[in-house]
Amino acid sequence: MLAATPEPAAEAQITAAGIRAHVRFLASDALEGRGPATPGDELAMEYAASVLEGLGLSPGVPDGGWVQRFDMTGVEGAPARVTFEAKAAGLSLQGGVDVVAVSGHQGKRSRLAAAELVFVGYGIVAPEFGWDDFKGKDLTGKVLVVMNNDPENDPALFGGRARLRYGRWDYKFEKAKALGAVGCLIIHTTPSAGYPWSVVQSSWSGEQFSLPSREPETLQVKGWLTEDASRAVAALGGFDLDALRAKAERRDFRPVPLGVLVSADFTNVISTKSTGNVLGILRGTDSTLKDELVVFTSHHDHLGRKSAPFDPAQGEREVDDIYNGAVDNASGVAGVLAIARAFASLPKAPRRSVLFALVGAEEQGLLGSQHLVEHPPVPVSRIAADVNLDGLNVWGRTRDVSVIGLGKSSLDAVITRLAAAQGRQVKADAVPERGFFYRSDQFNFAKVGVPAAYFSSGQEFIGRPIGFGKQRIDEWVAAHYHRPSDELSPEWDLSGAEEDVRLAFRVGLEIANAPLAPVWNKGDEFEAVRSKARGKTP
């Protein structure tokens, strides 16, 4: 790629104060947590659209609108108790406490009637690794008990510690559905999930949304078990959970019927609701490349308003019921709006067009970005790259930049060079086991072949002792991630966020002016789909 020197005056439009001001409104109690399809969600979209319009950008929806609307099916329902029975004993788990379960389909009733439990290890089929946890076993009508994450003991398999697509909870549920199972329960541990049990409780309570389904649905229940509950369920059938998990680390693992039957029965309230993606576009100036897009994404939604889960560590239930989502992800939206301001102030627009997309319903399973790539303003083959912002750094400047998914595409070289111009060093994700590349909106772009950049501040904070960064991040995840306490604080130091957002601007500007679009590295998991989209042989 050819280097594009950022316009200093344009970059200077990105400031910590400007980022904070956007967050102040988006994360205020007035928006009540920006739950999908709520008045607060609509206010967030109107705010973003008005900012983009005020910058002089054009509406990005093909019909001339600012908001690309899409429908979601809402399903609200959960069992009060889930019961497990073996020959000699039984066990009843309290819903929302020991087990978190929701409907696996979009029907009015979800029912497990003494369905057989089968432990299926990681629940992965990965031919490229010679891995198949199912070995052809008929699992129709069964309830699968599955481990979170993917195998990580062998660095030659599944990226070692780095979590791949196979380690995601949505992959587990999709696989169970494809196999004709009637239920799927994931064993939660904080190390395998990357977050505590309270996050499962908050994220999977209340109304759950998905895009409308037109396919037959057999999956009745999907959910999570605490590790202690999983241990008790395994013991009910005469099995040791640790021994089962040890077997699942091997390629020769086969599904293990647990000799336990599970039952649950609950009704669901079904609704159809609407949210949207806010799209604003800066038209490119090159006669050919203006028909291609560089996309900046960030999700405007959060969890809305709901009763916070009981936290044993606190010994009480949080009184605040508004999930403000200041870091996650009012900060990311603020970053994209700041970048839009920088682009709009350029004396001349770049060669490619630039799309600013504030997408909806990310917390419900990346629904807004999924809808966007399924209904893009231009064919996905003409989307040069996606640059995604999700959760900015609020603790100050760093010497390093953490690139999520380092090694996947030619974007690495661009980020590395431009970070060096800031005096910073690019490093790989410090917590690859959390699989962040597959947990935010850039993943949907990657799935259709679009090279995606997702990076954030590193962990070497300037003027802070060694270990400060990791400590603050771990503390924030434990205390504030998907909790009502994720609020704007006077203690935030957004100097590092300012630097990160300026880097994202530089990266996007270079892509927008380069003669050639970014490419996936040879052999990457997304290379073939990009080649197919562009009518080429990989």
Glu460, Gln422, Glu499 screened by side-chain hydrogen bond (donor to acceptor under 3.5 Å, both in side chains) with Arg397, the one that passes: Glu499
Exercise: do Gln459 and Thr398 side chains pair donor with acceptor under 3.5 Å: no
Spatial distance of atom CG (Leu366) from atom OG (Ser440) [nearest 0.5 Å]: 6.5 Å
Heavy-atom donor-acceptor pair, Gln94 side chain to Val99 backbone, under 3.5 Å: no
Side-chain heavy atoms of Val295 within contact of Val450, under 4.5 Å: no
Residues, nucleotides or ligands: over 12 heavy atoms within 6.0 Å of Arg24 CZ: no
4.5 Å side-chain heavy-atom contact, His22 and Val51: yes
Residue among Tyr454, Trp169, Phe443 satisfying ring-ring contact (aromatic ring centres under 6.0 Å, His included) with Tyr438: Phe443
Donor-acceptor pair, side chain of Asp486 and main chain of Val327, under 3.5 angstrom: yes
Closest approach of His299 to Asp390 (non-hydrogen atoms, all atoms of both residues): NE2-OD1, 3.4 Å
Exercise: identify the closest heavy-atom pair between Val507 and Ile415: CG2-CG1, 4.0 Å
Any donor-acceptor N/O pair, Gln364 side chain to Gln208 backbone, under 3.5 Å: no
Thr190 side chain reached by Tyr195 side chain, heavy atoms, under 4.5 Å: no
Arg305 with Asp321: basic N within carboxylate O range, under 4.0 Å: yes
Donor-acceptor contact present, side-chain Asp386 to main-chain Ala452, <3.5 Å: no
Within 45° cone of Phe445 ring axis and under 6.0 Å: Lys447 NZ or CZ: no
Arg283-Ser58 side chain donor-acceptor pair, cut-off 3.5 Å: no
Exercise: do His300 and Tyr47 side chains pair donor with acceptor under 3.5 Å: no
Any pair counted as salt bridge (charged side-chain N to carboxylate O under 4.0 Å, His left out), so long as it reaches residues 186-212, sequence neighbours left out: Glu207-Lys273
Side chain to side chain, Leu503 and Arg424, heavy atoms closer than 4.5 Å: yes
Side-chain donor-acceptor pair present, Ser485, His480, cut-off under 3.5 Å: yes
Residue pair Ala264 / Pro79: nearest heavy atoms and the distance that separates them: CB-CB, 4.3 Å
Atom CD of Glu475: over 12 foreign heavy atoms under 6.0 Å: yes
Closest approach of His302 to Pro36 (non-hydrogen atoms, all atoms of both residues): O-CD, 3.5 Å
Residue pair Asp29 / Asn324, side-chain donor-acceptor N/O under 3.5 Å: yes
Electrostatic pair Glu11:Arg506 at N-O distance under 4.0 angstrom: yes
Nearest-0.5 Å distance, CG of residue Asp500 to CD of residue Glu498: 10.0 Å
Under 3.5 Å side-chain donor-acceptor pair for Ser298 and Asn388: no
Any side-chain donor near an acceptor of the partner, Asp41 and Thr275, under 3.5 Å: yes
Basic-acidic side-chain contact under 4.0 Å: Lys177, Asp170: no
Nearest heavy-atom neighbours spanning Glu487 and Asp320: OE2-OD2, 3.6 Å
NZ/NE/NH1/NH2 to OD/OE distance under 4.0 Å, Asp524 and Lys408: yes
Straight-line distance of Leu337 CG to Leu52 CG, nearest 0.5 Å: 5.5 Å
Close side-chain approach of Arg341 and Ile14, heavy atoms under 4.5 Å: no
Val199 backbone acceptor or donor facing Arg483 side chain under 3.5 Å: no
Donor-acceptor under 3.5 Å (Asp301 side chain, Ala361 main chain): yes
Side-chain heavy atoms of Leu372 within contact of Leu279, under 4.5 Å: yes
Distance (rounded to the nearest 0.5 Å) between Phe173 CZ and Arg168 CZ: 10.5 Å
Verdict with supporting geometry, Leu185 and Leu144, side chain to side chain contact (heavy atoms under 4.5 Å, CB included): CA-CA 6 Å; Leu185 299 174; Leu144 311 187; over 6 Å; no
Atom pair CG/CD of Asn268 and Gln106 - distance to nearest 0.5 Å: 10.5 Å
Phe158 side chain near Glu152 side chain, heavy-atom distance below 4.5 Å: no
Pair His188-Thr226, side-chain donor/acceptor within less than 3.5 Å: no
Rounded distance (nearest 0.5 Å) linking atom CZ of Arg502 with atom OG1 of Thr15: 7.5 Å
Polar side-chain atom of Asn393 near backbone of Gly396 as donor-acceptor pair, under 3.5 Å: yes
Ser495-Asp493 side chain donor-acceptor pair, cut-off 3.5 Å: yes
Test item: side-chain donor near acceptor, Thr267 and Arg109, under 3.5 Å: no
Nearest atoms (heavy-atom pairs only) where Cys184 meets Leu219: N-CD1, 4.2 Å
Any donor-acceptor pair under 3.5 Å from Ser409 side chain to Trp520 backbone: no
Parallel, tilted or perpendicular, as decided by the 30° and 60° cut-offs, for the rings of Tyr481 and Trp476: tilted
Verdict with supporting geometry, Phe505 and Phe296, ring pair (Phe, Tyr, Trp, His ring centres under 6.0 Å): CA-CA 9 Å; Phe505 165 67; Phe296 284 92; 8.0 Å; no
Cation-pi geometry met for Arg464 and Phe461 (6.0 Å, 45°): no
Heavy-atom neighbours of Glu227 CD exceed 12 at 6.0 Å: yes
Pair Tyr166 and Tyr122, ring centroids less than 6.0 Å apart: no
Pairs where residues 188-198 contributes a residue and the test salt bridge (charged side-chain N to carboxylate O under 4.0 Å, His left out) is met, not counting sequence neighbours: none
Side-chain (Trp197) to main-chain (Val97) donor-acceptor, under 3.5 angstrom: yes
Salt bridge present between Arg34 and Glu363 (N-O < 4.0 angstrom): no
Validation row: Leu26, Leu31 side chains within 4.5 angstrom (heavy atoms): yes
Lys222 side chain to Glu174 backbone, donor-acceptor under 3.5 Å: no
Aromatic plane relationship, His371 with Phe70 - under 30° parallel, 30 to 60° tilted, over 60° perpendicular: parallel
